[in-house]
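Quick caveat, the model's predicted, so the values are computed rather than measured. Order of listing sets the numbers, starting from 1, for every ligand and every atom in it. As a basis for the values below, the full set of heavy atoms in this structure was taken, side chains included, without hydrogen atoms, waters or symmetry mates.
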Amino acid sequence: MDCLQDWPEPIVRVQSLSESGASTIPARYIKPPNDRPSPTSISNCHVSIPVIDMSADPEHVARVVSSACREWGFFQVVNHGVDPKLMRCARNTWCGFFHEPMEIKQQYANSPKTYEGYGSRLGTKKGALLDWGDYYFLHVHPPSLINQEKWPALPSSLRPTTDEYTQELLKLCRRLMRVLSKGLGLKEGCLQEAFGGDKDGACLRVNFYPKCPQPDLTLGLSPHSDPGGMTVLQVDDHVKGLQVRKDGAWVTVQPVPDSFIINIADQIEVLSNGAYKSVEHRVMVSSTAERLSMAFFYNPCSDIPLAPIPQLVMPDRPPLFQPMTFNEYRLYIRKNGPKGKSQVESLKIVPKAVHV
Ligand code: OGA
Ligand code: NI
């Protein structure tokens, strides 16, 4: 895959563009009119993704999680068991990294080979339109895939805090996997087993969206669905930005303090044979506030083919997706960048014509 060896053009840090003080953004960041965050798309303040109290009765939790995954593919959790102090520590230490001098950050510049490190684009197509955001991407689990050299050495709290954050979020994800299995009418361990049992994986993507002089013309992250299993997102309590696709409209998520935003990603849509939805989402930017978010991607073991779970395949519900390993699957977004739901659509089995 020589297309994944290096970036096709020199990398420009969005943070540098933002700090240059220019009053307009370069053409590369200007989206076509239909893809811009139009004012009508944010007027949807009456509908919102479900907020779920994880400390409620387990049967009730399984029911409400199940319906959230079917209707929205997104929900927020409160009383999730992760200490809000740790959440804040993790945010603050990563915020510290993005405010280090550029020479320090550049030491961790990433390449499209593994994407690990400090990055400013997703996709390797020459001349592609770009998003208004920088990020840091890391493998955080299993330990055999951790390369400490790729982890920033400063701030000094970053490595231990990221480690602890990973352990806590893994626990939460494995718990959610049991809840998700129950909601599909399966045994509690079923989804985890399909992920390869204890061979599951996780990556962290810390997104940094600098202030933007023309936020109406661009996006911080273009529409996409997440390729992995499930995503646990921590966002800023007071800077909105995330929008979720619902019945064709974009609904802005109203963050609840100390909560996590959970979304179903493509591999769980596949395993659930389409019952749980991996929903498109995108990020708007602001002219007055920078925004940092931490996306923890919980993934299946990367080299086993994933296909709909046999119990969810019935004569009247044939398998919707072809099997594919996650290693193979994740190459698509790494090459093409965020492209809505086109990737999971490409796995769909076209039903044979039925002759009666
Ligand atoms: C992502 C993502 C949303 C956000 O990193 O995949 O969707 O609010 N992030 O930054
Ligand atoms: Ni995403």
> Tell me which residues fall inside the under-4.0 Å heavy-atom shell around ligand 1.
R205, N207, Y209, L221, H224, D226, L233, L242, H281, V283, R291, S293, A295, F297
> Would you say the ring centers of F137 and W151 fall short of 6.0 Å from each other?
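When the ring centroids of F137 and W151 are compared, they turn out to be at least 6.0 Å apart.
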> In the single-linkage hydrophobic clustering (I, L, V, M, F, W, Y; side-chain heavy atoms under 4.5 Å), do L129 and L219 co-cluster?
no
> Any Lys/Arg nitrogen of K105 or D134 sitting under 4.0 Å from an Asp/Glu carboxylate oxygen of the other?
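No, K105 and D134 are not salt-bridged.
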> F260 and F296: aromatic ring centres closer than 6.0 Å?
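Distance test on ring centres: not under 6.0 Å, no.
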> For a distance under 2.8 Å, give residue and atom name for each protein N, O or S atom next to the Ni ion (ligand 2).
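Near the Ni ion (ligand 2), the protein supplies H224 NE2, D226 OD1, H281 NE2.
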> Sort out for me which residue in Q234, H99, M294 forms a side-chain contact (heavy atoms from CB on, under 4.5 Å) with W94.
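Of the listed options, the one satisfying the test is M294.
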> So that I know where these two stand, are Y209 and W132 an aromatic pair - ring centroids less than 6.0 Å apart?
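Not close enough - the centres of the two rings lie 6.0 Å or further apart.
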> Tell me whether the centres of the aromatic rings in Y136 and F97 are closer together than 6.0 Å.
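Aromatic pair counts; centres sit under 6.0 Å.
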> If you apply the rule salt bridge (charged side-chain N to carboxylate O under 4.0 Å, His left out), what do you find for R174 with D200, and how did you get there?
CA-CA 9 Å; R174 290 169 179 158; D200 52 2; 2.9 Å; yes
> List the steps, then state whether salt bridge (charged side-chain N to carboxylate O under 4.0 Å, His left out) holds for E19 with K211.
CA-CA 8 Å; E19 286 170 2; K211 288 181 196 168; over 6 Å; no
